[in-house]
2 protein chains.
Amino acid sequence: MNKEKQKKLEKNGWKIGTTKEFLGLTDEEASYIELKLKLSANLKRVRTERKLTQVELARIIKSSQSRVAKLETGDPSVSLDLIIRSLLALGTSKKDIARTISS
Amino acid sequence: MNKEKQKKLEKNGWKIGTTKEFLGLTDEEASYIELKLKLSANLKRVRTERKLTQVELARIIKSSQSRVAKLETGDPSVSLDLIIRSLLALGTSKKDIARTISS
DNA sequence: TAAATATATGTCATATCTGACATATACGCA
DNA sequence: TGCGTATATGTCAGATATGACATATATTTA
């Protein structure tokens with residue numbers, strides 16, 4: 001996949017028009033990235049709601065603080081698998097995950 | 001993660017009690033696997049509805065027939081990322097994906 | 001303000017996922 | 001039955017994701 005495009009995408013809040021057309025993403029690519037970003041944002045929301053630090057979450061999911069940071073900032077190196085597993089580890093229900101996806 | 005457990009899980013239709021307790025999975029593991037299996041089954045459903053062969057789907061997602069077979073049989077070697085991307089490539093909406101997840 | 005705490009970024013060796021290939025099995029249908 | 005077509009399974013080299021670490025940058029607290 002296209003790491004560079006996604007990296008760019010995550011940084012520009014100043015765009016004119018959609019980032020999708022700016023970067024020339026296909027519909028699938030755009031949807032996929034959008035999905036990941038939504039779930040990442042949700043993960044951060046859930047963690048902070050639970051008043052956990054990134055270090056604490058890292059312990060729970062048996063990872064590291066740096067990876068949690070990457071999870072939450074939508075770093076292109078993180079997989080949907082890890083995002084979903086982290087959400088599940090925090091007790092997020094399937095219904096909530098579904099809600100986030102279709103929102 | 002635990003490939004062997006999942007591999008077992010996918011084969012036994014004859015279990016007594018839940019596979020989860022039989023295999024000693026944690027709640028997160030069980031939910032995660034269940035999620036993947038649901039989405040895999042959905043992918044197969046969508047493909048056959050569209051009257052596509054595995055070879056044709058493989059072309060669309062730029063993969064191979066064998067990987068498509070693995071996608072659809074819930075092989076432990078396939079990621080959620082690939083399942084989701086395949087569904088998106090077939091035009092499945094986020095709403096539909098969400099429905100599958102919370103079903 | 002400074003120090004403490006939390007989060008972000010960069011890098012890397014290793015683990016896991018990937019497409020591709022060979023080959024096996026299943027399912028028609030003549 | 002055998003033959004054509006579709007799907008499943010096994011393997012592997014190369015690609016991508018991973019946890020861990022160092023370190024930079026925010027953010028909070030005294």
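Throughout, protein chains are lettered first and strands after them, A, B, ... in sequence-line order, and every chain is numbered starting at 1. Note: hydrogens, waters and symmetry copies are ignored here, and every other heavy atom, side chains too, is used.
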**Study point:** Rounded distance in Å - CG (L82(A)) to P (dT16(C))
**Key:** 13 Å

Study note, to complete from the structure: Separation of dA6(C) atom P from L71(A) atom CG, nearest Å, is 19 Å

Point to revise | Modelled atom types, side-chain donor and acceptor of T73(B) and D75(B), under 3.5 Å | key: no

Any N/O pairs under 3.5 Å between the protein and nucleotides 22-30 of chain D? List them or say none.
none

Check your understanding: Quick one: I61(B) CD1 to dG19(C) P, roughly how many Å, whole number?
Key -> 6 Å

**Study point:** Helical bend (five base pairs per end, nearest 10°) for the helix from dT1(C)-dA30(D) to dA30(C)-dT1(D)
**Key:** 50°

Check your understanding: Which residues satisfy the side chain to side chain contact (heavy atoms under 4.5 Å, CB included) test with R59(B), sequence neighbours excluded?
Key -> V55(B)

Review point. Can you tell me if the side-chain N/O atoms of T73(B) get under 4.0 Å from OP1 or OP2 in dA8(D)?
Key: no

Review point. For DNA chain D, whose closest nucleotide is more 5', that of A69(B) or that of S63(A)?
Key: A69(B)

Study note, to complete from the structure: When every non-hydrogen atom of L80(A) is compared with those of Y32(A), the smallest separation belongs to CD2-CE1, 4.0 Å

Exercise for review: Please identify each residue that fulfils side chain to side chain contact (heavy atoms under 4.5 Å, CB included) with D96(B), with sequence neighbours left out.
Suggested key: T92(B), S93(B), R99(B)

Check your understanding: Does a nitrogen or oxygen in the side chain of K62(A) sit under 4.0 Å from OP1 or OP2 of dA20(D)?
Key -> no

Review point. Side chain to side chain donor-acceptor pair (under 3.5 Å) with S40(B): which residues, sequence neighbours excluded?
Key: none

Exercise for review: For T53(B) and E56(B), indicate whether the former's side chain and the latter's backbone hold a donor-acceptor pair under 3.5 Å.
Suggested key: yes

Review point. When we call it a touch if two heavy atoms are under 4.0 Å apart, what does V68(A) touch: a base, just sugar-phosphate, or nothing?
Key: nothing

Check your understanding: Within the side chain of K36(B), is there an N or O that forms a donor-acceptor pair under 3.5 Å with the backbone of I83(B)?
Key -> no

Practice item. Please report, rounded to the nearest Å, how far the P atom of dA17(D) is from the CG atom of D81(B). Key: 7 Å

Practice item. Identify the heavy atoms of L37(B) and G74(B) that sit nearest to each other, and give their distance. Key: CD2-CA, 4.0 Å

Check your understanding: Expressed in angstrom and rounded to an integer, what is the separation of I84(B) atom CD1 from dC17(C) atom P?
Key -> 16 Å

Using a cut-off of under 3.5 Å, enumerate the N/O to N/O pairs linking the protein to nucleotides 24-30 of chain C.
none

Exercise for review: With I61(B) as reference, evaluate L90(B), L87(B), L71(B) under the side chain to side chain contact (heavy atoms under 4.5 Å, CB included) test and give the passing residue.
Suggested key: L71(B)

Point to revise | Residue-phosphate contact under 4.0 Å: S77(A) side-chain N/O, dA17(D) OP1/OP2 | key: no

Check your understanding: Is a donor-acceptor pair below 3.5 Å formed from side chain K70(B) to base dG10(D), judging by atom type as modelled?
Key -> yes

Study note, to complete from the structure: Testing dT18(C), dT11(C), dA8(D) for proximity to the side chain of E72(B), the answer is dA8(D)

Review point. Sequence neighbours excluded, which residues qualify as side chain to side chain donor-acceptor pair (under 3.5 Å) partners of K94(B)?
Key: E34(A)

Practice item. Not counting sequence neighbours, which residues clear side chain to side chain donor-acceptor pair (under 3.5 Å) with S79(A)? List them please. Key: none

Check your understanding: Rounded to whole angstrom units, what separation is found between the CZ atom of R67(B) and the C1' atom of dG10(D)?
Key -> 12 Å

Practice item. Would you please name every residue forming a side chain to side chain contact (heavy atoms under 4.5 Å, CB included) with Q54(B), sequence neighbours left out? Key: R47(B), Q65(B), V68(B), A69(B), E72(B)

Review point. Do any side-chain nitrogens or oxygens of R47(B) fall under 4.0 Å of OP1 or OP2 in dT7(D)?
Key: yes

Point to revise | Touch class at under 4.0 angstrom, heavy-atom based, for S64(B) against every strand present | key: base

Check your understanding: Residues two or more places apart in sequence or in another chain: which of them pass salt bridge (Lys or Arg N to Asp or Glu O under 4.0 Å) with R50(B)?
Key -> none

Exercise for review: Mind calculating the distance between CZ (R85(A)) and C1' (dT16(C)) to the nearest angstrom?
Suggested key: 10 Å

Review point. Is a side-chain donor or acceptor of S31(A) paired with a backbone partner of E28(A) at a separation under 3.5 angstrom?
Key: no

Review point. Within this structure, what is the CG-to-P distance between D75(A) and dT7(C), rounded to whole angstrom?
Key: 17 Å

**Study point:** side chain to side chain contact (heavy atoms under 4.5 Å, CB included) against T100(B), all qualifying residues, sequence neighbours excluded
**Key:** K38(B), L39(B), N42(B)

Check your understanding: In residues 48-55 of chain A, which residues come under 4.0 Å of DNA chain C by heavy atom?
Key -> T53(A), Q54(A)

